[in-house]
Amino acid sequence: MADGISIEPVVHARWAASAALIALVPASRFVTGDIQDELTAIPYVSFNLDQRQKLTSNSGRMDDATLFFEVTADSYATGNAIAKQIVETFSGTFETDGVTLTCLKPSIPQREQSGLDRWIINLTIDAVAQCL
């Protein structure tokens, strides 16, 4: 998105700052975009976002966004634990590099078994980003 607020670095910084998330999924296995390599070590999480400009005023710019997380794990219990920690870590408001991100209304994680050794759990979180 041209001239948009850079939300992706804020999300990655939040992940890296969470010891609880890093214990479950190292930052090197939290990636933006789709993972195409079936040999990637699991668990891992792919992240995408849909970002829309809300308003620009004298007080700054605000964008609405939907954060999409796809957890891939070797068991439902592991995937569910990661999904719950994502919701906990990304609840509320936090700031990184001049961008304030407020996360609201996480979805109920949706799960599916993909093959015999992989569980995929999808969840979304609505957010508002503000850059002053």
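Side chains are part of it too, since the values below use all heavy atoms of this structure and drop only hydrogens, waters and symmetry mates. Index from 1, following the sequence.
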TODO: Please assess L67 against I7 for the test side-chain contact (heavy atoms from CB on, under 4.5 Å), listing each intermediate value before the final yes or no.
DONE: CA-CA 9 Å; L67 313 179; I7 295 174; 4.2 Å; yes

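The CG atom of D63 sits 10.0 Å away from atom CD of Q130, with the distance rounded to the nearest 0.5 Å. In this structure, Q110 CD and I120 CD1 are separated by 13.0 Å, a value rounded to the nearest 0.5 Å. Interatomic distance, CD1 of I86 versus CH2 of W15, reported as 4.0 Å (0.5 Å rounding). Distance check, rounded to the nearest 0.5 Å: OG1 of T124 to CZ of F69 gives 9.5 Å. Note that CD1 of I5 is 10.0 Å distant from CG of D64, once rounded to the nearest 0.5 Å. Atom-to-atom distance recorded for Q85:CD and L21:CG is 5.0 Å, nearest 0.5 angstrom.
The two residues A127 and L101 come nearest to each other via the heavy atoms CB-CD1, 3.8 Å. Of all the heavy atoms in S6 and P9, the pair that sits closest is O-CD, 3.5 Å. Annotation for P43 and I82: closest pair CB-CD1, 3.6 Å, computed over non-hydrogen atoms. Contact detail for L123 and S107: the closest heavy-atom pair is CA-OG, 3.4 Å. Closest non-hydrogen pair, I121 versus P109, comes out as CG2-CB, 3.6 Å. Nearest heavy-atom pair, S46 versus G33, reported as atom, atom and distance to 0.1 Å: CB-O, 3.0 Å.
Here F68 pairs with nothing under the ring pair (Phe, Tyr, Trp, His ring centres under 6.0 Å) rule; sequence neighbours left out.
A 4.5 Å side-chain heavy-atom check between R52 and T66 finds at least one atom pair inside the cut-off. The closest side-chain heavy-atom distance from W119 to T78 is not below 4.5 Å.
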Could you go through residues 90-97 and list every donor-acceptor pair under 3.5 Å that involves a side-chain atom there, pairing it with any protein atom two or more places apart or in another chain?
unit_1, atom_1, unit_2, atom_2, d
S91, OG, V87, O, 2.5
T93, OG1, T102, OG1, 3.0

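Side-chain atoms of R14 come within 3.5 Å of backbone atoms of T89 as a donor-acceptor pair (strictly under, hydrogens ignored).
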